[in-house]
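Take a look at the structure set out below.
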Amino acid sequence: MTYPRVSNDSADKTAGVPSSPRFPEIEERVLAYWAEDDTFRASVEARDAGTDGENEFVFYDGPPFANGLPHYGHLLTGYVKDIVPRYQTMRGKRVERRFGWDTHGLPAELEAMRLNDIKTTDEIVEMGIDKFNDACRASVLKYTGEWRDYVTRQARWVDFDNDYKTMNPEFMESVLWAFKSLFDKGLVYEGFRVLPYCWNDETPLSNHELRMDDDVYQDRQDPSVTVGFEITTEGPFAGAKVLIWTTTPWTLPSNLAVMVGSDIDYVAVQHDGDRLILAEARLGAYARELGDEPEVVWRGQGSDLIGLTYAPPFSYFADHARAFRVVAADEAVTTTDGTGLVHSAGAFGEVDKEVTDREGIEPVMPVGKDGRFTHPVAEYAGMLVFDANPHIIDDLKSTGGSVTPGTVLVRRETYNHSYPHCWRCREPLIYKGVESWFVEVTKFKSRMLELNEQIRWVPEHIKHGQFGKWLENARDWSITRNRFWGSPVPVWKSDDPAYPRIDVYGSFAEIERDFGRLPLNADGEPDLHRPWVDDLTRPNPDDPTGRSTMRRVSDVLDVWFDSGSMSFAQVHYPFEDADWFDHHFPGDFIVEYIGQTRGWFYTMHVLATALFDRPAFSSCISHGIVLGSDGNKMSKSLRNYPDVREVFDRDGADAMRWFLMASPILRGGNLVVTEQGIRDAVRQVMIPLWNTWYFFSLYANAEGYEAKVGGPESLASTDPLDRYLLAKTRQYVEKLTAELDDYAIADACETTRGFLDVLTNWYVRRSRERFWEGRAEAFETLAAVLDTVCRAVAPLLPLTTEEVWRGLTGGRSVHLADWPDASALPTDDALVAAMDQVREVCSATSALRKAGGLRNRLPLGSLTVVVADPASLEDFTSIVADEVNVKHVRLLAADSPEAGAYGISQRLSVNARAAGPRLGKDVQVAIKASKSGDWSVAEDGTVTAGGLALVEGEYTLETVVGSETDGTATGMLPGGGFVVLDTVVTPELAEEGIARDLVRAVQQARRDADLDVTDRIVLTIGGSTAVLGAAGTHEDLISKETLATSYVIDEAAEGTVVTVGDGETATVTVVRA
RNA sequence: GGGCCUAUAGCUCAGACGGUUAGAGCACCACACUGAUAAUGUGGGGGUCAGAGGUUCAAGUCCUCUUAGGCCCA
């Protein structure tokens, strides 16, 4: 037993290579071997980093937030994160791969709140921030073990021991450094911003959280009101009323302005003694109140109204500076609903805030963090804003409470609309202004766009599409959250506005310098988390009275600030490894799903631009979204996707890898996960590869042959099939290398699938006999190709190729091997082209047999192949003869007289690409003529079609052959030329056909008897006269093919009854010799 | 409402520069082949290339609009 030379199979070593492998079991054994052998570490360390890391390929792991188990999306990304580094490693690069964990943020806090059954931030404070943050820490670490299991099982090589976590003090110190650096560059400021806000959870939500679930937007019924505000500007409009419409009546006490569109047409109409102003386009919608043909007393545009002042609907902020004016907001005002005039409540809407800022109006905030009204809105104080709506409407109707006289309620109704709800508590959100610190992204946006030009995006359209557009519209980034579990905002402020001072810290050392100590947690370790960092206070140095204190602002940083910092924070830059970082930035490669264009890709790019004036990464694959088997988002409750562990156990990690990597998802499309698709990967790729290996081992073992992979014999065969395979392998490796260099992983899979098809369904099938004969050059060739293919496919099927390659070579690991050198393989494009033509010849001949009802085992006399260059096929006539089972193959030149004799007619086809530009419109005439037969060839060879002379190159003339004549059948070849099959069945041929049928019957009997391929047999054949005759004539053939050492022909023999030839009956008996 | 992507066989997708008979894999049917194969080969059915208009001698391909889906933004 020579093969497998090494196997991880602890079972019977003498069993050889299994013909029907159980891939998941093989995978488990390979994984165990890797773990024991520490192959991953060896593969990294086998490559030298080079001077200043010039030989390193830098990969950044985008940190997942591990608050649940990995799903297909994570696995998909993980496979890409494995393939590219594996490939680069084999190309000779040193590729460190550190796993990263995103640990901070609201999801962790919410999980901790759920586990501790608390609902509000007050309860968190009550519980103790230290205890709460301990709970957060525990919750984010809860799944790390499972993640490691899944990632290991999927055969992703990544360093878990030397990982990074965003909550580690070193990481957080680098984050502080980043904040301080931005502050020092003048790129950080404190401001006030409107965000979606959950009053129940007492937290603003990021856009990301807003869209956490599909059902965040739910239909909701809200009251909607149309209210008129009285104009106070002296002049023609005095006393008229501007009509506004809102679905949030509770924002009316905070009204600060009315927005109009400058170019929108407005009218004033007379109604019950009032003049009401609204958009002309909205008159119809108010017919109920205003009548079908209201009396229009004024017409104009929004620009005519701008600057008018009005009495605010409520008197709470009556003296507010610069407020209660009609202002322009062309981008925000439409006439699709409402009145064409929009009320602006400053801090309760994004557009509202933008407009009031522009107009220099300070926002007001009479709503507390719990969503209840506060001072000065006395009538509704303590009421949740939604609960206050009916009271506010009642007061508007009766002009009661603090409603300003002159304000009128024109209409009240209920309004159904899609409204955002908190993804966690399902309560309706409000928009609310909150204090926040910002990175002034707008200041360096143009530089971000410039640096984006240096990034290679896959797919390419992301660069100027989704990512580029997002950059163009970048707004300042709100980086603080009024929460608990996160990196602290390293800002200390004086608590007395009379003595203002702000200190920003960028390191432990700076903190220790000013506070005399480090923030220490309960275990006495330096810890930048709350509450420890909050404990650091000191007297305000700028306060001569000594009474005011420097206190940290209570916010923590947005988690995206953490993950955007990973490139430098994972190595504790600039406190350690500053030199290393300098040579490893930007990173060479990152990959995540397309949504990260506004997440991780974006925050990495923002911070890299602002801090280093460089992009953070050179190449980025941005893949699509994985969908369930029904085309919808994967959902646990719908059970619309196969269980990950079940797939690992049943089909294996390589099958799943192939399915995902070969799919359109890496070109930016979406992917529907189906079990069928995963099984197809096994069938189309893994089994062909494995069976080629099994085939090799079967015959090499039978022969006791050991191939010398890598030796001079490997590529030395002169056999045409071997030379063809080697040349084809070279083409394959060249193509694959180019594709992987381009990150075109799906293309690489398709290329591989096509190559394996040639390998197994042409080379191996056509070479069976030579292997059976034990031909050394065949073994050497196939071994060399298997070695090459294993190495080339190793990144795409790391587990399967490992088992095959080690079994073939006895080496330590295919992943320690070098990427195959295509240039070492013979190049012979002509040979490859000739073989492709040979396959066409066989294909065409098979079709003729099929049409003529001539079964394949029946030998035929001859096949004539008529092609342009018959010499190129000379080496392959025996292959053709064997493949299509004919006695002789004749090659004829297409222009030879004899070939002409087969021709029935000629066909003219016009090459439109060549003739079109010259002939213009007439080319259509020529084409039509060529099809209808209205063309001719003159004596001198001039071709005329439809009366138009064609010049050389504008047409091709082909000989067309008929389907059948007596005793022959003819068929066209796709690339030009044709084949002529001699269909005459002589008695000799018929007899040999029967003999072949007998061989087949005996082989089946051998199998049925469970004989080994090398077992010798005693064979007895009986049957009709024709059968006995064939068995006698072809005794040599039959006994050789079936390994019969004893060969008996006995008319009366009993045995398995089979039908052979043209309805003849035979009996065969097979006994092991 | 805006931006990007997608729309080709029952399914999943290819289709440089526009070139006149639009391909592949899977699935289906028939036949053949099979001592490596869970296969394979041959043939067959299956297409208004989402729709409409335009440019052109010629459009699946280029332009405009529309429709549907996805992603993002508002």
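A, B, ... follow the sequence lines: proteins, then strands. Residue 1 opens every chain. This is a predicted model, so every value here is computed, not measured.
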Among the nucleotides [options], which one has an atom lying closest to any side-chain atom of [X]?
| X | options | answer |
| --- | --- | --- |
| Ile594(A) | C71(B), G35(B), A38(B) | C71(B) |
| Val764(A) | A36(B), A32(B), U42(B) | A36(B) |
| Asn761(A) | A32(B), U40(B), G19(B) | U40(B) |
| Gln466(A) | A36(B), G3(B), G35(B) | G3(B) |
| Gln684(A) | G35(B), A36(B), G25(B) | G25(B) |
| Arg683(A) | A27(B), C33(B), U40(B) | A27(B) |
| Trp470(A) | C72(B), U40(B), C26(B) | C72(B) |
| Ala847(A) | U20(B), U42(B), A38(B) | U42(B) |
| Lys850(A) | U42(B), U37(B), C4(B) | U42(B) |

When you check the side-chain N and O atoms of Tyr431(A) and Thr248(A), is any donor under 3.5 Å from an acceptor?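 Result is no, nothing qualifies.
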Are a donor atom and an acceptor atom from the side chains of Tyr763(A) and Asp722(A) found within less than 3.5 Å of each other?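 Side chains of Tyr763(A) and Asp722(A): pair found under 3.5 Å.
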Residues Glu750(A) and Arg753(A) bridged, charged N to O under 4.0 Å: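 Arg753(A) and Glu750(A): salt-bridged.
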Identified stems (criterion: three or more consecutive Watson-Crick or G-U pairs, under 3.5 Å), RNA chain B: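 For RNA chain B the paired stretches long enough to count as stems (3 pairs minimum) are B:1-7 with B:67-73, B:10-13 with B:23-26, B:28-32 with B:40-44, B:50-54 with B:62-66.
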Taking only N and O in the side chain of [X], is any of them less than 4.0 Å away from OP1 or OP2 of [N]?
| X | N | result |
| --- | --- | --- |
| Tyr699(A) | A36(B) | yes |
| Arg849(A) | U42(B) | no |
| Arg598(A) | C72(B) | yes |
| Arg753(A) | C26(B) | no |
| Arg765(A) | A36(B) | no |

Under 4.0 Å, heavy atoms only, any strand: does [X] hit a base, just the sugar-phosphate, or nothing?
| X | answer |
| --- | --- |
| Arg1006(A) | base |
| Ser843(A) | sugar-phosphate |
| Leu1011(A) | base |
| Asp1012(A) | base |
| Phe696(A) | nothing |

C1' atoms of A9(B) and C49(B), separation to the nearest Å: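 Per the computed distance, 10 Å lies between those C1' atoms.
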Under 30°, 30 to 60°, or over 60°: which ring-plane class applies to [X] and [Y], parallel, tilted or perpendicular?
| X | Y | result |
| --- | --- | --- |
| Phe696(A) | Tyr3(A) | perpendicular |
| Tyr705(A) | Phe779(A) | parallel |
| Trp693(A) | Trp690(A) | perpendicular |

Using the ring centroid of each side chain, check whether Phe601(A) and Trp457(A) are separated by less than 6.0 Å.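 Yes: the rings meet the under 6.0 Å criterion.
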Hey, does the side chain of Asp476(A) reach the backbone of Val441(A) with a donor-acceptor pair shorter than 3.5 angstrom?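 Looks like yes, one N/O pair under 3.5 Å.
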Any idea if C57(B) is syn or anti, going by the 90°-from-0 cut?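 Anti conformation for C57(B).
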Using only modelled atom types and a 3.5 angstrom limit, is any donor from either the side chain of Thr760(A) or the base of A36(B) paired with an acceptor on the other?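 Result: at least one qualifying N/O pair found.
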Please report, rounded to the nearest Å, how far the C1' atom of G3(B) is from the CG atom of Leu449(A).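 So the CG-C1' distance, Leu449(A) to G3(B), works out to 15 Å.
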